[in-house]
Amino acid sequence: MNFEPKIVGFCCNWCSYRGADLAGTARMKCSPNVRIIRVMCSGRVEPTFITKAFELGADGVLVLGCHAGDCHYVEGNYKTMRRMPLLKKMLGQLGIEDERVRLDWVSASEGDRFVSIVDDMTAKVRALGPFKNNSKEAKHG
Amino acid sequence: MKKITIDPITRLEGHGKIEIFLNDAGEVENSYFQVPELRGFEKFSEGRLAEDMPQITQRICGVCPEAHHMASTKALDDLFHVDPPSPAKKLRELFYMAFYVTDHTTHFYILAGPDFIMGPESPVAERNILGVIAKVGLELGGAVINARMQNHHIIHMLGGRAVHPVFGLPGGISKGLNEEERKEVEQIAKDSVEFAKLSLKVFDDIVLKNKEYLDMVLSDAYTHRTYYMGLVDEKNRVNFYDGKVRVVDPDGKEFAKYAPREYLDHVAEHVEPWSYMKFPYLKKIGWKGFVDGKDSGVFRSTPLSRLNAADGMATPLAQAEYERFYSTLGGKPVHQTLATHWARLVEILYAAERLLELSRDPEITSPNIRTIPTATPDEGVGIVEAPRGTLTHHYITDEKGIIKKANLIVATVNNAAAVNMSVKKAAMALIKPGKKITEGLLNRIEMAWRPYDLCLACATHTLSGQAPMEVVIYNSKGEVVERLGQHLRP
Amino acid sequence: MAEKKAAKKNDAEPKIGVYVCDCGSNIAGTIDVPQVVDFAKGLNRVAVAREYKFMCSDPGQNMIKDDIKNLKLNRVVVASCSPLLHEPTFRHAVQEAGLNPYLFEMANIREHCSWTTEDHGEATAKAKALVSAAVKRVYHHQPLEAREVPVNANTLIVGGGIAGIQAALEIADAEHKVYLVEKDPSIGGHMIQFDKTFPTLDCSACILTPKMTSAGSHPYIELMTYSEVEEISGFIGNFKAKIRKKARFVDESKCNGCGVCIEKCPWKAPSEFDLGLSQRKAIYTPFAQAVPNIPVIDKESCAYFLKGKCRACEKFCEREAIDFEQQDKIVEVEVGNIIITTGYDPFDPTPITKYGYGRLPNVYTGLEFERICNAVGPTGGKIVLKDGSEPKSIAIIHCVGSRDENYHRYCSRVCCMYALKYSHLIKEKIKADVYQMYIDMRCFGKGYEEFYERLSKEGVTFIRGKPAEVTDRAISEEEKGKLIVVGEDTLLGTIVRVPVDMVILCIALEARADAKNVAQLFSISQGADGFFIERHPKLDPVATMTEGVFIAGCCQGPKDIPDTVAQASAAATRVLALISKGRVELEAAVAVIDEEKCSGCRICNLLCPYNAIDFIEEDEVSRINEALCKGCGTCVAACPSAAITHKHFTTEEIMAEIEGVLV
Amino acid sequence: MAKLKLALYWASSCGGCEIAQLQIGDKLLKLAEVADIVFWPVAIDVKYKDVEAMPEKSIDVCLFNGAIRTSEQEHMAKMLREKSKVLIAYGACAYGGGIPGLGNMFNRELIFERAYVETPSTDNKEKVFPQTKYKVPEGELTIPEFYDTVKTLGQTVDVDYVVPGCPPEEKTTWLALEALIEGKLPPKGTVITHNAKAVCDDCPRKRDVKKVKKFYRTFEIIPEPEICLLEQGLLCAGIATRGGCGAPCPQANMPCTGCYGPVDGVIDQGAHFLSAVASVIDSNDPEEIQRIIAGIHDPVGTFYRYSLPDSLLRRAKIK
């Protein structure tokens, strides 16, 4: 049976979530693999959300914010821009492939961009296969 | 031979284990010294920052973290090609001398002492520090506790923490001494010298003046002719903090003398499938199994070894003791394992004297305690004498100073093979067909490895804690005849 | 462990109702709704789960209200469209049933699911995940009380064009103070530059100047021309604005606008108002009917500022209003609402070299032509060529910079109409041939189509097709000395070469060059085209994402005067509504610091864009000013002690949601 | 009143916790008055079979240190849980996995390969590895199984309290013992320290707002003595670490490394430490941000020094 990845998506309320809505309003089709969680700002997305998602069985995590300079909260997305690369560097040390975590920017008017990012990420994670780090093997710790 | 089923449960006491097998005649057939744990520091050091190693590797052992902290810090000096300012080196050594006094004191009075002071066959209930104090008197008891606490205070003061210090850096240390602190140290050093003298007197009175003990010390059951290893200064005198590693053969002749960077030409480690601990041996001779003598690569690395491997001590009082030590025991080298206890006391005296010298050094309160490294790091080896033997840390890094490879040959491990042999020999000598195995007799076997002051936390950089050890004796049918444990007594 | 704690916090044990909307066939057409309902029934703490065709309808809302009453629900989940659409609707509904509106959560199974997913199975599976996420999340929801703050009755309007003037007057007439800020020396904006206005052809100045004057003299309007907003702080109902009044070097309190200074000034510079087609003095008012009628000295062209001597104006000013020492002034005002009416920039056609603007004489932009036609313009209203002669033929090229992949994809909406207006003005003044070169004629407004018909009867030639180039390279006698407009007539399917004397480019309206700064200053957003984004394209056209900040006119997108005025009035009405209510509810989902946990590490201090976080030295903890907090949660994500809680977006709630989407 | 029955045990640890317990020095005697130590392999000669023979919950309190790396340790944890009324995770290893927990960046195979084959001093061409069961002429020898993953005590059995630290400072140990002696134990789940706030609250260094343009390594600079180390670009874990230790490391001019574990409510110490540090990077330019981050060479070893097994991910994914 072919593998369908589960991807957790975090969208900011003002740009990317609206971009995602617009994709729907415009009836654009995109992979159902990304399930969106709404936060007010991508700056709210703390690294624990991402590690938690993996702990709970996600195969990938997508974080979408406003384009640089467009943040509804002036520069919340810059904080995200600082946190994600460091987090990804650390996840890399823990053997988590780069493509499993993606930070990107989608404005309220970019439904098409939202779709292409979602489809692209889904394809890449599908190619990587399921995320497992065996941390839960009962006996062997 | 009947299959002995040893599910983990039957061996859950402590972390080290010796199994003795008897033959049909009831004589000792063989014995095995096992270490049942591994933590894998050599592996998970990979990817760490070199400068974090003094704090990471000391978690190998919470009993002697100071030794690992020092060996690691010295490896970093070598790795970053940086020479610490002389005050920094002196402060490191001062710190290390204080550590020696506490550590040796703990072992002699709390671990080994009771066997002699109370007698090998005295009741277990009395064979501990409290019994010792009761016998030697509160004054000495107080002195013991005081010596440990005071010198721990020095460790805390410089290292930043009581256990697991933090002050070691490539090119120096993070914290120095001010004048008040120096005065404190000087006073502690004076007290420690007095304490060391007192301890030697105790050993004199109780052991050396007791024929029975002396015979036991000199008896064949506790004797092995092996190679001896120890760190020496440029004058071939015992040094704990710095110098070259010297190896003498069973006849006391210099067999090798090498700088830290050359350790791989001289030492190799053998792996047995029945223990997580490896067995080091002299590479140039090779691994010949658990046998002693000139043709076997087995060597020992203990206080006794250090005295055997050196030509003398660097401080006057200790030198005098050193000479008395050999004249009493019939010349160099001394092969009697039990003499290690005396050697340890000589080392306490040296450490205390050296501590006093350093505390009076004009440079010791200098703020000039760091040189910032500028060269590109590549490879470094650091060696110190840990109380339990020669301790080697070896790191290879990338140009940023990220550990690519780490290798550790840890104090106690050096003696793994010797311990195995000592136990077997003592057991063979003491366990006789039909002879009832008493607790006292078992304690005499226990005394065969206690001199090594086994620290199994160190043992496999890997294993946990000061070693409580379990001995299991099986008869030829594989049934458990007897078991006993060695424990650190508070 | 943290999660266990959260569960305890809920006083009453959660009792959740789940309502899945068919949205006609919008959802039910793709998602197996009954299946989702059954799934929901099986979820922890779900007391009831129902399907309904339109949850947002009254019956739908009543269904929820009844269940809350009868089944004692204390948490509600609606799975339907985007929360951005109907969250307020349902929050209101649960509130009416006596439940705190924050004990509600929405699952977006339409925009994010049924509309974007083809496969019905996949869509249904995803819908289940989104529902379980909402259910797990709502379990942790806590009741929140929205805080109310008074609304300052003063209003700040930025931009003194027709939109700003209109909005200002409406609010001022209701006797509420307005600060009208304009960066130029006079209000009036682009409209005052126009000659006539389509389709009615009444004179732009004639209809605008009365409004300008009343704005200038209105007791409730404080005009701040030659001024710019530099800093905005605060929040809806309670903004503080720092405004820079640029030095005019003329004392407004003394000047009576007699104009002697201008008359005596020996120095000239190109007139901004006439787009450089004429000259103005170094001390000047942009145009005759300027409001306020107080001149400014342009440092760049004033001899005194350049060479240190002259001061002619000073000598002749009887009221001693000239003040060379004058400095910029920073004025601070407190307002409750802000309307942004910063207008547009005319597109600069120079880059479209094929049309020869700036290269070939007698190629003009529409705005330039407005000035040329204007009686008080550079040519005194005469339509003449550079050499002073009268053009025999004029080509008007549409969609320059609009509907063009390389520049702006959008339609500027006004060009067709003003192009028609030009033909009329030309025909009226001189009897030249006029060619309209268009892509499509768009005459959608009231009276526009009629205007188009009327014009087509005035002998104007319409050529459908976007011209390829305007050149002066003649290939025949009759083309000699002319501008030749080359293009295809797509109706006839033939290449045409039209020799004319003058070419008018109908340039696009584009977002102001500084729109980005303005957007950041007022924390509103821009679309891809650079114009400001309204809160909802249909249902909330003048509000923005930022409470208390409204937009009107061309800063929101190209539009004609009637639409601009309508928007301005709309914005004014929104503001008046807030003023008359007198108070406003603030975001309840803000961040709070638990001072029992804050170690005073000060990581968060600089992260807040609203400076809402203070470090309290004596207590060695950081504290958040809830009124300033806008609830973005950036500080929450940064706190290494987890001492900051983001109300309604707590870590427990989001973690639960993560768990939910991963079922 | 009857004396407390006290048990102390270690698993995968270094013995530093035992030393820390001995550190309370003369207070040991006070302890001896009210408590009988019924099991302490390191110090007292009580055999395993005696413990096994004890009835359930017959031990009042067990202080358990060390992480769980082998089958033996796992078994022992389960047994002591069963025998003890109160089980206390003592020290960083039992609490968060500690330094040995860094082993979770690898697995058994990689660790064995390095320890028994690859190390330059090891001579083992035949690739002999320790065997859980091995036949020797005289019989069979066994050693416990070495697991792929280090677990915390809490991930192995139910834990009642935590005494954090590597090792716990003397005063922290005594705080817990006092609570025991006086029967004033806090609510279950409490991490017992003198300060529930982060180390910054203990630290005498002066703190200002944070902006970091460059991260330094400890050997690269000599920090100002009075000022917050993080502000000087040193990755001090104090911000993300529970206090109560008194901040000894920053006072020795070295950054805190996080041994007291997270503050209450923090689910993942390393992730929070990371997020805080990244947040104060003083740049909004992606390239510059990358350059600044390049100065953090070992995120896992820095942010999860003592808590990798207790993190949400627990271990590395080995391909």
Interchain contact, [X] with chain B, by part (heavy-atom threshold 4.5 Å):
{"X": "D/C245", "result": "neither"}
{"X": "D/N124", "result": "side chain"}
{"X": "D/R217", "result": "both"}

Most contacts with chain D, counted as non-hydrogen pairs under 4.5 angstrom, among [options]:
{"options": "B/I145, B/L76, B/I56", "result": "B/I56"}
{"options": "B/V271, B/V82, B/T374", "result": "B/V271"}
{"options": "B/E46, B/M149, B/H270", "result": "B/E46"}

So which of [options] has the largest heavy-atom pair count under 4.5 angstrom toward chain B?
{"options": "D/G98, D/G165, D/P100, D/G246", "value": "D/P100"}
{"options": "D/C249, D/G301, D/P120, D/P248", "value": "D/P120"}
{"options": "D/T70, D/T302, D/L110", "value": "D/L110"}
{"options": "D/Q131, D/E113, D/E126", "value": "D/Q131"}
{"options": "D/P167, D/A115, D/G103, D/G16", "value": "D/P167"}
{"options": "D/T132, D/I221, D/N65", "value": "D/I221"}

* To do: Step through the shown structure and confirm whether more than 12 heavy atoms of other residues, nucleotides or ligands are within 6.0 Å of NZ on B/K400.
  =>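 Count not over threshold, so no.
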* To do: Please report the C-alpha distance between B/F44 and D/M105 in whole Å, then the side-chain angles of each, then the deciding distance to 0.1 Å, and finally whether the side-chain contact (heavy atoms from CB on, under 4.5 Å) criterion is met.
  => CA-CA 7 Å; B/F44 65 70; D/M105 295 187 74; 5.6 Å; no
Contact part of [X] toward chain D, heavy-atom cut-off under 4.5 Å: side chain, backbone, both or neither?
{"X": "B/R161", "answer": "side chain"}
{"X": "B/V267", "answer": "backbone"}
{"X": "B/L49", "answer": "both"}
{"X": "B/L169", "answer": "side chain"}

* Consider only side-chain N and O atoms of B/N414 and B/Y281, and report whether a donor and an acceptor are under 3.5 Å apart. => no
* To do: Using only heavy-atom distances, determine whether the side chains of B/T102 and B/R148 contain a donor-acceptor pair under 3.5 Å.
  =>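 B/T102 vs B/R148: no donor-acceptor pair found between side chains.
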Which class fits the ring pair [X] and [Y]: parallel under 30°, tilted 30 to 60°, perpendicular over 60°?
{"X": "D/F112", "Y": "D/F129", "answer": "parallel"}
{"X": "B/Y32", "Y": "B/W274", "answer": "perpendicular"}
{"X": "D/Y9", "Y": "D/F39", "answer": "parallel"}

Ignoring hydrogens and angles, tell me if any N or O in the side chain of [X] forms a donor-acceptor pair with the backbone of [Y] under 3.5 Å.
{"X": "B/Q55", "Y": "B/D52", "answer": "no"}
{"X": "B/E379", "Y": "B/T397", "answer": "no"}
{"X": "D/R305", "Y": "D/V300", "answer": "no"}

